[in-house]
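Data block below; observations after.
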Amino acid sequence: IRRDKVAAMFKAQKTGLWLGTRAHLVHYPIANGQLLNIVAIVETTSAPPTGWSTPGEADKLLRCFENWSKPAYSLLQQVAEWRIWALYDRDPALAWGKGRVTLLGDAAHPMLPFLAQGGAMAIEDAWVLAVFLKENLGSPQAALRAYENIRITRTTQVVETSRSNATMFHLSGRQRLMRNIALTASRAAPQLLLKKYDWLYGYNALDEKPGDFSD
């Protein structure tokens, strides 16, 4: 939806995250800040839709959020058209390639979107793969295996963290209360919460050195 039509609290240049029982809501500016993209995640037992852009039913979605806070619910009411797709999870693969073939990005390590790192991991993969091959043109298979060995550990951690966020975002009852207390307490020392992700955001793919390989 257009950002000039939303309430003042949604006009900030930042991502918003709302957590609830078996559901959560994310919104962030796109199109050079002119639009607000809204993503509503809801757990359901119904059969998943096919494709990536199935028309969604606004009334059905709103019923899932009718007991949420008024600002969040009002934001959802402003959306004229929804698209729906299913989310799938897969355990990390132990190997990505064989011989002169390898994989990168979602083909190698599909992940849930709850850490917002799918695209970032693909870019990191591409850089490391390109550098390793460039520096070892005479040993491509060894370069591919070295690339896989370096990247599998990191991307597996991202996959598993995304999966754990899916659980944490949708807690209920006592567990939800404990999560909310922890998040509220983190306001006093936000650097402690950020430090938890130093392993993720402190990584630099440019630091990976290929060395010399031999087939």
Side-chain angles (χ1 to χ4, degrees), residues 13-17 19 24 26-30 32 37 39 41 43 48 51-53 85-171 175 179 182-183 186 189-215:
Q13 287 280 22
K14 60 183 180 182
T15 297
L17 174 62
L19 308 181
H24 73 277
V26 184
H27 52 80
Y28 48 88
I30 60 173
N32 198 29
N37 194 46
V39 182
I41 309 294
E43 293 182 24
W52 292 91
S53 194
W85 65 90
L87 296 178
Y88 295 92
D89 193 17
R90 193 194 76 183
D91 290 334
L94 300 179
W96 294 354
K98 182 178 181 181
R100 298 168 71 92
V101 176
T102 193
L103 301 173
L104 61 75
D106 284 351
H109 43 73
M111 60 186 66
L112 294 170
F114 305 140
L115 195 58
Q117 289 296 307
M121 291 304 104
I123 293 172
E124 290 180 5
D125 286 350
W127 176 268
V128 174
L129 176 59
V131 169
F132 280 31
L133 286 173
K134 179 182 178 181
E135 298 299 323
N136 294 275
L137 296 177
S139 306
Q141 293 190 47
L144 294 182
R145 300 294 85 76
Y147 146 78
E148 294 163 2
N149 290 337
I150 285 178
R151 293 299 301 162
I152 283 177
T153 299
R154 174 167 169 79
T155 56
T156 294
Q157 187 174 6
V158 175
V159 169
E160 292 176 345
T161 304
S162 298
R163 181 181 290 171
S164 66
N165 276 354
T167 300
M168 188 270 288
F169 287 176
H170 293 187
L171 293 175
Q175 291 180 315
R179 178 203 64 199
L183 290 175
S186 70
Q191 66 276 10
L192 296 180
L193 181 61
L194 293 175
K195 188 174 180 60
K196 176 183 176 182
Y197 293 101
D198 281 352
W199 66 270
L200 178 63
Y201 300 112
Y203 173 86
N204 189 344
L206 277 65
D207 293 335
E208 299 291 6
K209 305 303 180 184
D212 296 319
F213 311 123
S214 60
D215 288 334

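Values below: every heavy atom of this structure, side chains too, minus hydrogens, waters and symmetry copies. We count residues from 1, following the sequence as given.
Pairing each heavy atom of A166 with each of L112, the nearest pair is CB-CD1, 4.1 Å. Residue L104 comes nearest to A122 through the heavy atom pair CD1-O, 4.5 Å, listed as atom of the first residue, atom of the second, then distance. In terms of heavy atoms, L103 sits closest to W96 at CG-O, 3.3 Å. L144 and V101 make their closest contact through CD1-N, 3.8 Å (heavy atoms, listed as atom of the first residue, atom of the second, distance). Summarising the geometry of P140 relative to G138, their closest heavy-atom pair is CD-C, 3.4 Å, with the distance given to 0.1 Å. Contact record, A143 with N136: CB-CB, 4.2 Å, taken as the closest heavy-atom pair.
Between the CD atom in E135 and the CG atom in L133 there is a gap of 10.5 Å [rounded to 0.5 Å]. Taking OH of Y203 as the start and CD of E124 as the end, the distance is 5.0 Å to the nearest 0.5 Å. To the nearest 0.5 angstrom, R151 atom CZ is 11.5 Å from T102 atom OG1. How far NZ of K14 is from NE2 of H27: 9.0 Å, rounded to the nearest 0.5 Å. Note that the CZ atom of F132 and the CG atom of L137 stand 14.0 Å from one another [nearest 0.5 Å]. Separating the CE atom in M168 from the CZ atom in F114 is a distance of 11.0 Å, to the nearest 0.5 Å.
Taking the charged nitrogens against the carboxylate oxygens, D106 and R90 have no contact shorter than 4.0 Å, which rules out a salt bridge.
The aromatic rings of W85 and W52 are tilted relative to each other, their planes meeting at an angle between 30° and 60°.
At least one donor-acceptor pair under 3.5 Å links the side chain of R145 to the backbone N or O of G99. In this structure a side-chain-to-backbone donor-acceptor pair under 3.5 Å is present from R179 to F169. Checking side-chain atoms of R154 against main-chain N and O of W199 turns up a donor-acceptor pair under 3.5 Å. Looking only at distances, no side-chain donor or acceptor of N37 sits under 3.5 Å from a matching main-chain atom of I30.
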Show your working on side-chain contact (heavy atoms from CB on, under 4.5 Å) between I41 and H170 and close with a plain yes or no.
-> CA-CA 10 Å; I41 309 294; H170 293 187; 4.1 Å; yes
Show your working on side-chain contact (heavy atoms from CB on, under 4.5 Å) between L183 and L19 and close with a plain yes or no.
-> CA-CA 11 Å; L183 290 175; L19 308 181; 4.1 Å; yes
Take E43 and L87, measure what side-chain contact (heavy atoms from CB on, under 4.5 Å) needs, and give me the verdict at the end.
-> CA-CA 10 Å; E43 293 182 24; L87 296 178; over 6 Å; no
Should Q117 and L200 be marked as a side-chain contact (heavy atoms from CB on, under 4.5 Å) after you check the CA-CA gap, both sets of side-chain angles, and the distance that decides it?
-> CA-CA 9 Å; Q117 289 296 307; L200 178 63; 3.8 Å; yes
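The local environment of CG in L206 is crowded, with over 12 non-hydrogen atoms from other residues, nucleotides or ligands closer than 6.0 Å. Shown here is Q175, whose CD atom has no more than 12 heavy atoms of other residues, nucleotides or ligands within 6.0 Å.
The closest side-chain heavy-atom distance from V131 to E208 is not below 4.5 Å. Considering only heavy atoms from C-beta on, D125 comes within 4.5 Å of H109 through its side chain. Taking 4.5 Å as the limit, some side-chain heavy atom of H24 sits within range of a side-chain heavy atom of L17. D91 is listed as a side-chain neighbour of R163, based on a closest heavy-atom distance under 4.5 Å.
Checked against P92 for a side chain to side chain contact (heavy atoms under 4.5 Å, CB included), the options T153, T155, T156 give a single hit: T156.
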